[in-house]
Visitor: 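Below is one structure. I have some questions about it.
Just follow the structure's listing: the first ligand is 1, and inside any ligand the first atom is 1.
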Amino acid sequence: MGAYQETYDRWLADPEGFWAERARDIDWSREPDAVLDRSADPIFRWYPGGRLNTCHNALDRHVRDGCGDRAALIHDSPVTGTVTTYTYAELLDRTARVAGALARLGVGRGDRVVLYMPMVPEAVMAMLACARLGAVHSVVFGGFAAAELATRIDDCTPKVVVTASCGIEPSHVVRYMPLLDHALELAEHRVWHCVVLQRPQHTAELTPGRDLDWDAFLDGAQPAPCTEVEATDPLYVLYTSGTTGTPKGVVRDNGGHAVALNWSMPAVYGVDAGDVFWAASDIGWVVGHSYIVYGPLLRGCTTVMYEGKPVGTPDAGAFWRVCRDHGVDVMFTAPTAMRAIKRDDPRAELMAGHDPGRLRALFLAGERCDPDTLLWCQGILGGRPVIDHWWQTETGWPMAANCLGIEALPVKPGSPARAVPGYDIRVLDEDGHDAPIGEIGALCVRLPLPPGCTPTLWGGDERWIDGYLSRFPGHYMTADAGHMDADRYVYVMSRIDDVINTAGHRLSTGRMEEVVAAHPDVAECAVVGVADAFKGQVPMGFAVLKRGVDRPHDDVVAELVQRVRDQIGPVASFKQASIVRALPKTRSGKVLRGTIRRMADGEVWHMPATIEDPSVLDDLAALLESFGHTVRPHA
Ligand code: COA
Ligand code: AMP
């Protein structure tokens, strides 16, 4: 039996013993009373009674152990032309001062702090400073618009918002302050203060009394010590898209999170203290939380924070340049980023000048990895493992992966390999029974989820139970559909809700429908995610106008596109919409979104027996073909 199977079986035979052992790698100020609290099944809590501080585990203990001079964070920013390295001692010093300054503003254990920040080192310091105080951070991705920020502010009611004057996209500077000002106008909740990091590329106008310049905020602040928190206390809330337009606040605890992420570094990624790890993502997403900030620092690795894009900053050789310049051992990105590089530099000629010599492996996640992209990456990386792995904001760390640090399993393109020890992945049919091998069903995980996964949602257990645990009792429903093969390799095929993945960003078409439907001329609408060779999926909208509206369709479409951009953000990539005479519906009025998607994607589709008016689908087929889609005749 191989090491993977041995580890998996060891975990399965005694999950609590397994996680008790993993917990020994974390510094506790009070040992947990138990490994798992099952008393509120189906809500489970890891390490009850344990006390610790996540920032201590990510910074202080490495300095204490003599590694203060090791590089902790390398900020590489081609958009500003700067590279800055912070050792563990320096990052600790800065973080403790930021924590002291936050404490001076009145932030303490359990208080929330929203971070609306670009990819700057101060964002990492602010996250860790919250952890140091036992405060709960909630990072909002910079590509979201004011209304999305306002929803999150109202949901988690922060005392303080930390922001920067601007983010830098290759084509323009994104001014954050007008977005934040607007969000604070829209929000009902009142924040005490906004702390603003002024960047040289743009100086924001501050609101006296409310806003504090970052330097003034820090001036004279005393370093704050670590506040001891319960293992089960929240470390952060991260909002993500779900089945409805309202984002869900995924909660992460302190104890389970530290244990799981610390272990995942060697077990899944095959890296350890002193290695250089680079997750080319954004701190606004879970990948950024887990593998730019917490995972690598908990383990004592050097983490790379990259403020740039895979292409255009300045070219498709950027990733290889970063790997070479910083001696990256293992890197992680989304398949879409590799498709961007492949599109611009199909033979990877730009790698020649930047041989990523030390790179041992490339991990991909965030969306389905098409075999073409995986094989291309394998080809250019000269036999280094290219590992597709599968996880979600809710789980916080990989559910299925080829765990390089345990045993490299054979790669099967199209599959993120097998369940990571800690996860009992099941494919369930409609009735909740295990689906036969090869048959598609709902991908679920038997409860309890391992440490590090969300124990509940911000705002209540009920929403967590209703949304994830009640459909298949005893299981967590991932909302992905897929199957397993005879070797227990998992294949993730699609979402079963209205979530789409655009350029590795998780978005809700339901939320886009809400925005489109609110246009005064729109009677009803549908937004579906259609396949896109570059971004994986992009949203496509269809709107029916109210009777009597006879404005030029192009004008209405332009307004719809602008509305989604203004209300959700540019990251929604909502650029295609059409005015149609009717939406395809069943006789009971259900919009046939799945059929629209299958038609647009050139898949086999069936004319539903219950369709209200088949000619609507004929019109739709003609429309899609006029956009260049090849629609198959229905089966
Ligand atoms: N702040 C403000 N705006 C942002 C932003 C941010 N942090 N991130 C993206 N945007 C804007 C972009 O400028 C773009 O605006 P535009 O419509 O005016 O051009 C829009 O949002 C769409 O962005 P995106 O979908 O990211 O497209 P892109 O062409 O700018 O970049 C990729 C495409 C593939 C290069 C980029 O998405 C990428 O690197 N993706 C990796 C995904 C990732 O990090 N996933 C996290 C999980 S690993
Ligand atoms: P997020 O919460 O933003 O990390 O997005 C999680 C969703 O992205 C999952 O539910 C999947 O739909 C998709 N996803 C992530 N990784 C993979 C993968 N390796 N293969 C297929 N889909 C993936």
Side-chain angles (χ1 to χ4, degrees), residues 79 116-119 140-145 164 166-176 179 238-242 248 250 279-292 306-313 316 318-319 332-341 343-344 363-370 374 387-401 414-417 443 454 477-482 490-497 499-507 529 532 534-539 561 564-565 568-575:
V79 293
Y116 186 54
M117 296 195 85
M119 288 284 283
V140 179
F141 178 63
F144 281 123
C166 64
I168 302 158
E169 285 294 288
S171 57
H172 61 288
V173 167
V174 182
R175 296 173 179 208
Y176 278 36
L179 294 165
L238 179 59
Y239 288 88
T240 191
S241 309
K248 293 181 284 200
V250 166
S281 178
D282 189 287
I283 45 141
W285 307 116
V286 70
V287 176
H289 281 62
S290 293
Y291 293 112
I292 295 174
Y306 175 68
E307 188 181 24
K309 302 272 175 177
V311 293
T313 56
F319 274 19
F332 176 167
T333 192
T336 191
M338 299 314 295
R339 286 196 296 271
I341 295 173
R343 189 178 64 175
D344 280 16
F363 280 79
L364 300 171
E367 57 173 327
R368 182 175 157 72
C369 181
D370 52 293
L374 186 106
I387 309 289
D388 176 14
H389 63 322
W390 170 60
W391 53 294
Q392 312 176 298
T393 306
E394 290 84 345
T395 65
W397 65 290
M399 289 185 281
S415 167
L443 287 170
T454 184
M477 183 178 73
T478 65
D480 281 319
V490 178
Y491 292 77
V492 184
M493 305 311 289
S494 59
R495 290 284 301 196
I496 54 181
D497 55 10
V499 165
I500 59 168
N501 247 291
T502 300
H505 311 314
R506 175 166 160 183
L507 299 158
D532 181 81
F534 171 43
K535 293 196 175 186
Q537 279 181 305
V538 287
V561 167
V564 174
R565 198 178 171 85
I568 301 179
V571 70
S573 290
F574 183 81
K575 294 193 171 153

Visitor: Any N or O on Thr336 sitting closer than 3.5 Å to an N or O of ligand 1?
Guide: no
Visitor: Could you tell me the residue and atom name of the protein heavy atom closest to atom 32 (C) of ligand 1, and the distance to it rounded to 0.1 Å?
Guide: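 Here the nearest protein heavy atom works out to Phe534 CZ, 4.4 Å.
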Visitor: Nearest protein heavy-atom contact for atom 18 (O) of ligand 1: which residue, which atom, what distance?
Guide: Arg565 NH2, 2.7 Å
Visitor: Give the intermediate values and the outcome of side-chain contact (heavy atoms from CB on, under 4.5 Å) for residues Thr333 and Leu364.
Guide: CA-CA 5 Å; Thr333 192; Leu364 300 171; 3.8 Å; yes
Visitor: Can Asp388 and Arg368 be said to form a salt bridge (charged side-chain N to carboxylate O under 4.0 Å, His left out), step by step?
Guide: CA-CA 8 Å; Asp388 176 14; Arg368 182 175 157 72; over 6 Å; no
Visitor: Can you list the atoms of ligand 1 that are under 4.0 Å from a heavy atom of Trp285?
Guide: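 Those qualifying, in numeric order: 46 (C).
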Visitor: Please report which non-hydrogen protein atom sits nearest to atom 44 (O) of ligand 1, along with the residue it belongs to and the distance in Å to one decimal place.
Guide: Ser281 CA, 3.6 Å
Visitor: Are any of the heavy atoms in Met119 under 4.0 Å away from ligand 1?
Guide: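 Flag not set, Met119 not near ligand 1.
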Visitor: Please give me the minimum heavy-atom distance between Thr478 and Gln392, naming the atom from each residue.
Guide: O-NE2, 2.6 Å
Visitor: Find all atoms of ligand 1 within a distance of less than 4.0 Å from any non-hydrogen atom belonging to Val571, and give their numbers and elements.
Guide: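 So the atoms of ligand 1 that pass are 21 (O).
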Visitor: Below 4.0 angstrom from a heavy atom of Gly143, which ligand 1 atoms are there? Numbered from 1 as shown, please.
Guide: 1 (N), 2 (C), 3 (N), 4 (C), 5 (C), 6 (C), 7 (N)
Visitor: Report, in ascending order of atom number, the atoms of ligand 1 lying under 4.0 Å from any heavy atom of Val174.
Guide: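 Within the 4.0 Å cut-off of Val174, ligand 1 contributes 2 (C).
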Visitor: Would you call the rings of Trp391 and Tyr291 parallel, tilted or perpendicular, taking 30° and 60° as the class edges?
Guide: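 If you compare the ring of Trp391 with that of Tyr291, the planes turn out perpendicular.
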Visitor: Parallel, tilted or perpendicular: which one describes the rings of Trp285 and Phe144, with boundaries at 30° and 60°?
Guide: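 Plane angle over 60°, so perpendicular.
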Visitor: Pairing donors with acceptors under 3.5 angstrom, does anything connect the side chains of Arg506 and Ser241?
Guide: no
Visitor: Counting only heavy atoms, tell me which of Gly366, Ala503, Ser573 gets closest to atom 43 (C) of ligand 1.
Guide: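 Heavy atom nearest to atom 43 (C) of ligand 1 belongs to Ala503.
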Visitor: Check ring pair (Phe, Tyr, Trp, His ring centres under 6.0 Å) between Phe363 and all other residues, then give those that pass, not counting sequence neighbours.
Guide: Tyr269, His389
Visitor: Got a sec, which residues hit side chain to side chain contact (heavy atoms under 4.5 Å, CB included) with Arg343, two or more places apart in sequence or on another chain?
Guide: Phe534
Visitor: Need the ligand 1 atom indices (1-based, order shown) with element for anything under 4.0 Å from a heavy-atom of Val287.
Guide: 47 (C), 48 (S)
Visitor: Looking only at heavy atoms, which two atoms of Ala316 and Asp344 are closest? And how far apart?
Guide: CB-CB, 3.8 Å
Visitor: May I ask you to identify the nearest protein heavy atom to atom 13 (O) of ligand 1, giving residue, atom name and distance to one decimal place in Å?
Guide: Glu169 OE1, 2.6 Å
Visitor: At less than 4.0 angstrom from any non-hydrogen atom of Pro310, what atoms of ligand 1 do you find?
Guide: 35 (C), 39 (O)
Visitor: Would you say His172 and ligand 1 have an N/O pair spaced under 3.5 Å apart?
Guide: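 No, no N or O pair falls under 3.5 Å.
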Visitor: For Ala334, enumerate each residue passing the side chain to side chain contact (heavy atoms under 4.5 Å, CB included) test, keeping only those at least two apart in sequence or located in another chain.
Guide: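 Result, side chain to side chain contact (heavy atoms under 4.5 Å, CB included) vs Ala334: Thr336, Glu367.
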Visitor: Could you pull out, from Lys575, Lys535, Lys309, Arg339, the option with a heavy atom nearest to atom 24 (P) of ligand 1?
Guide: Lys535
Visitor: Could you tell me, for ligand 2, which of its N or O atoms are under 3.5 Å from any protein N or O, listing the pairs and their distances rounded to 0.1 Å?
Guide:
unit_1	atom_1	unit_2	atom_2	d
ligand 2	2 (O)	Thr393	N	2.8
ligand 2	2 (O)	Thr393	OG1	2.5
ligand 2	2 (O)	Arg506	NH1	2.6
ligand 2	8 (O)	Gly366	O	3.4
ligand 2	8 (O)	Asn501	ND2	3.1
ligand 2	10 (O)	Gln392	NE2	2.9
ligand 2	10 (O)	Asp480	OD1	3.4
ligand 2	10 (O)	Asp480	OD2	2.7
ligand 2	10 (O)	Arg495	NH1	2.7
ligand 2	12 (O)	Asp480	OD1	2.6
ligand 2	12 (O)	Asp480	OD2	3.4
ligand 2	16 (N)	Gly366	N	3.1
ligand 2	19 (N)	Asp388	OD1	2.7
ligand 2	19 (N)	His389	O	2.7
ligand 2	20 (N)	Glu367	O	3.4
ligand 2	22 (N)	Arg368	N	3.4

Visitor: For atom 15 (O) of ligand 1, what's the nearest protein heavy atom and its distance?
Guide: Pro570 CB, 3.8 Å
Visitor: Any side-chain donor paired with an acceptor under 3.5 Å for Thr313 and Tyr306?
Guide: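 The criterion, which ignores hydrogens and geometry beyond distance, is satisfied for Tyr306 and Thr313.
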Visitor: How far is atom 45 (N) of ligand 1 from its nearest protein heavy atom, and which residue and atom name does that atom have?
Guide: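 Scanning the protein heavy atoms, the shortest distance from atom 45 (N) of ligand 1 goes to Gly504 O, 3.5 Å.
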Visitor: For Arg175 and Leu179, work out which heavy atoms get closest and say how close.
Guide: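 Shortest heavy-atom separation between Arg175 and Leu179 comes out as O-CD1, 3.6 Å.
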Visitor: Can you tell me the protein heavy atom closest to atom 26 (O) of ligand 1 and the distance?
Guide: His505 NE2, 3.1 Å
Visitor: Would you say Ser415's side chain and Tyr491's backbone share a donor-acceptor pair under 3.5 angstrom?
Guide: no
Visitor: Are side-chain heavy atoms of Ile341 and Pro310 found at a separation under 4.5 Å?
Guide: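 Yes; the side chains approach each other to less than 4.5 Å.
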Visitor: To which protein heavy atom is atom 8 (N) of ligand 1 closest, and what is the distance rounded to 0.1 Å?
Guide: Phe141 CZ, 3.4 Å
Visitor: Protein heavy atoms: any of them under 4.0 Å from atom 36 (C) of ligand 1?
Guide: no
Visitor: Report yes or no: does a heavy atom of Gly167 sit under 4.0 Å from some atom of ligand 1?
Guide: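 Gly167 does not count as a contact of ligand 1 under the 4.0 Å cut-off.
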Visitor: How close do Gln537 and Asn501 get, heavy atom to heavy atom, and via which atoms?
Guide: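 What the structure gives for the nearest pair is OE1-N, 3.0 Å.
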Visitor: Under 4.5 Å between any side-chain heavy atoms of Ile500 and Arg495, yes or no?
Guide: no
Visitor: Of all the heavy-atom pairs spanning Pro539 and Thr502, show the shortest one and how long it is.
Guide: CD-OG1, 4.0 Å
Visitor: Is Thr502 close enough to touch ligand 1? Criterion: a residue heavy atom under 4.0 Å from a ligand atom.
Guide: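 Per 4.0 Å heavy-atom rule, Thr502 does not contact ligand 1.
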